[in-house]
Number of protein chains: 2
Amino acid sequence: MSILNKLSFKDQAFKLRETAILDATTAILASKGFDLMTMDDVAQEVGISKPSLYKHFKSKEDLVGAAMIRLIDEALDYLESMPASLSPIQQLKDLLAWALRIRLKGGMPFLPSTSPHVREMLTRNLKYVMRVLKLNGKIEEIIKKAKKQGELSAALSDDVILFAYYARTCDPAVEYLQLYSKLDHDAIIAAMLEVCFCGLKNQA
Amino acid sequence: MSILNKLSFKDQAFKLRETAILDATTAILASKGFDLMTMDDVAQEVGISKPSLYKHFKSKEDLVGAAMIRLIDEALDYLESMPASLSPIQQLKDLLAWALRIRLKGGMPFLPSTSPHVREMLTRNLKYVMRVLKLNGKIEEIIKKAKKQGELSAALSDDVILFAYYARTCDPAVEYLQLYSKLDHDAIIAAMLEVCFCGLKNQA
DNA sequence: GTCTATAAATTGATAGAC
DNA sequence: GTCTATCAATTTATAGAC
């Protein structure tokens with residue numbers, strides 16, 4: 001067993017712990033939000049001490065940025081894995097359903113729009129901004145295709161569609177339906193998709 | 001000039017300051033959110049000292065509760081002032097447009113759903129809960145009427161419609177459109193109403 | 001690299017003078 | 001009732017031992 005292998009094992013353990021830290025961060029962010037999440041919370045959830053946590057991430061901002069980047073990357077992977085045969089609007093529906101399912105299981109929304117503070121912080125994170133722009137680009141492309149095929153409303157600009165679509169991933173109606181209705185996860189997702197694409201009005 | 005009049009003047013001044021405090025609280029809540037709003041912020045914005053602020057409101061929770069209650073009361077007043085001739089769906093549209101206009105001018109959404117912490121805090125405020133239930137009742141009534149007239153989607157339960165409707169008052173798409181699009185307030189409100197009632201899909 | 005202990009700063013809330 | 005001054009608790013971040 002060489003020194004190289006030893007280092008490799010160490011690296012693997014380090015990577016595993018990093019994953020555990022990001023998992024814990026994601027869960028706590030989803031439940032308490034950024035402002036109320038403390039580094040003590042994260043360290044305790046992972047089962048390490050706070051200084052160890054700071055060996056992995058140099059600040060709270062850095063940690064949250066890393067968690068958000070991982071989420072965006074998962075969304076990009078999900079988009080990549082979609083069968084090319086799906087219609088553009090079905091791609092949008094599937095991606096939203098995927099995001100809502102993650103949220104219902106205790107994950108985060110992609111759009112951390114809840115507070116200007118968090119948004120401003122993430123805007124300073126260059127790596128995060130790059131990933132978001134990449135995701136934006138992919139989604140805009142799908143929106144343009146869907147519009148060309150007459151599947152999306154021509155009355156709405158691409159901007160409006162993009163932001164309204166993103167906003168559905170963090171729609172508080174999901175939490176309220178979880179708390180105050182008898183709907184299960186699948187029914188909540190179906191209702192949210194219906195509301196997002198068909199609206200509240202009767203279209204008959 | 002009797003003592004009674006003197007007291008009355010004092011009371012008036014007290015009331016005026018209370019209004020100023022609630023105005024400041026509303027503006028700060030809208031911009032920073034609950035967790036980041038400090039009592040120092042509020043006191044400084046009003047131009048009084050922190051202990052004076054605590055003479056009016058015994059805690060941060062109490063202060064924020066009062067600001068939320070005032071907002072709900074304004075919504076109830078707005079509903080009350082609507083011409084009875086308006087169709088139910090037009091009433092819903094007008095109320096949402098009113099709420100969005102307040103937000104665009106720096107006010108709060110009615111639905112403080114951003115964090116479970118804030119929601120839990122407000123749930124412990126009996127006076128606030130009573131007002132929200134009253135507002136819920138009024139809106140549910142309008143929804144039922146609109147459904148009976150075939151104006152709202154029959155595919156959606158009243159719960160889903162109610163929560164999806166409320167969620168639009170705090171939709172982050174509004175902030176993103178303000179930041180990244182060239183739309184003015186009226187255009188943003190029109191777009192949000194279109195998205196809410198007609199959805200993203202082409203209905204042709 | 002991980003821990004115990006602690007520094008430094010912020011903030012909700014109050015005591016006590018006027 | 002309003003202010004200055006301050007307490008007590010929390011929290012981000014780090015120093016230094018092992």
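In what follows, chains carry the letters A, B, and so on, assigned in the order in which the sequence lines appear, proteins first and then strands, with residues in each chain numbered from 1. In this text, all values refer to a predicted model and were calculated from it rather than measured experimentally.
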Check: Residues in side chain to side chain contact (heavy atoms under 4.5 Å, CB included) with B:Ala146, at least two apart?
Finding: B:Pro88, B:Glu151, B:Leu152
Check: Atom CG of B:Leu16 and atom P of D:dG1: how far apart are they, to the nearest Å?
Finding: 14 Å
Note to self: Checking B:Asp41 against B:Thr38: is there a side-chain donor and acceptor pair closer than 3.5 Å?
What the structure shows: yes
Check: CG of A:Leu53 versus C1' of D:dA13: gap in Å, rounded?
Finding: 11 Å
Next item on the list: Decide yes or no for A:Asp94 and A:Tyr78: does some side-chain heavy atom of the first lie under 4.5 Å from some side-chain heavy atom of the second?
Entry: yes
Item checked: Given DNA chain D, 5'-ward residue of the pair A:Leu36 and A:Lys58, judged by closest heavy atom -> A:Leu36
Check: Just how far, in rounded Å, is P of C:dG1 from CD of A:Glu18?
Finding: 11 Å
Check: Does A:Phe57 have any ring-ring contact (aromatic ring centres under 6.0 Å, His included) partners at least two apart in sequence or in another chain, and if so, which?
Finding: none
Checklist line | Minimum-distance nucleotide (side-chain atoms of B:Met39 versus C:dG12, C:dC3, D:dG1) | finding: C:dG12
Checklist line | DNA chain C contacts among residues 20-35 of chain B, heavy-atom distance under 4.0 Å | finding: none
Next item on the list: Identify the heavy atoms of A:Leu71 and A:Phe110 that sit nearest to each other, and give their distance.
Entry: CD2-CA, 3.7 Å
Notebook entry, point to check: Which part of the nucleic acid, if any, lies within reach of A:Thr38 when heavy atoms closer than 4.0 Å are counted: base, sugar-phosphate only, or nothing?
Noted result: sugar-phosphate
Check: In whole angstrom, what separates B:Lys60's NZ from C:dG12's P?
Finding: 5 Å
Note to self: Expressed as a whole number of angstroms, how long is the span from B:Lys50:NZ to D:dA8:C1'?
What the structure shows: 12 Å
Extract all donor-acceptor atom pairs below 3.5 Å that involve side chains of residues 43-54 of chain A and protein atoms in other chains or at least two apart in sequence.
residue	atom	partner	partner atom	Å
A:Ser49	OG	A:Ser52	OG	3.1
A:Lys50	NZ	A:Asp40	OD2	3.2

Note to self: On the nucleotide C:dG1, are OP1 or OP2 found under 4.0 Å from the side-chain N or O atoms that A:Ser52 carries?
What the structure shows: no
Next item on the list: Find the distance A:Asp40:CG to C:dA5:P and express it as a whole number of Å.
Entry: 15 Å
Next item on the list: Specify the separation, in whole Å, of atom NE2 of B:His56 and atom P of C:dT14.
Entry: 16 Å
Item checked: Distance-only donor-acceptor check, side chains B:Asn136 and B:Tyr166, under 3.5 Å -> yes
So which protein N/O to nucleotides 15-18 of chain C N/O distances come out below 3.5 Å?
none

Item checked: For atom OH of A:Tyr54 and atom P of C:dA5, their distance in whole Å -> 19 Å
Next item on the list: Using the test side-chain hydrogen bond (donor to acceptor under 3.5 Å, both in side chains), find all partners of B:Glu61 that sit at least two apart in sequence or belong to another chain.
Entry: B:Arg124
Notebook entry, point to check: Checking side chain to side chain contact (heavy atoms under 4.5 Å, CB included) against B:Val42, which of B:Leu29, B:Leu63, B:Val64, B:Leu22 comes through?
Noted result: B:Leu63
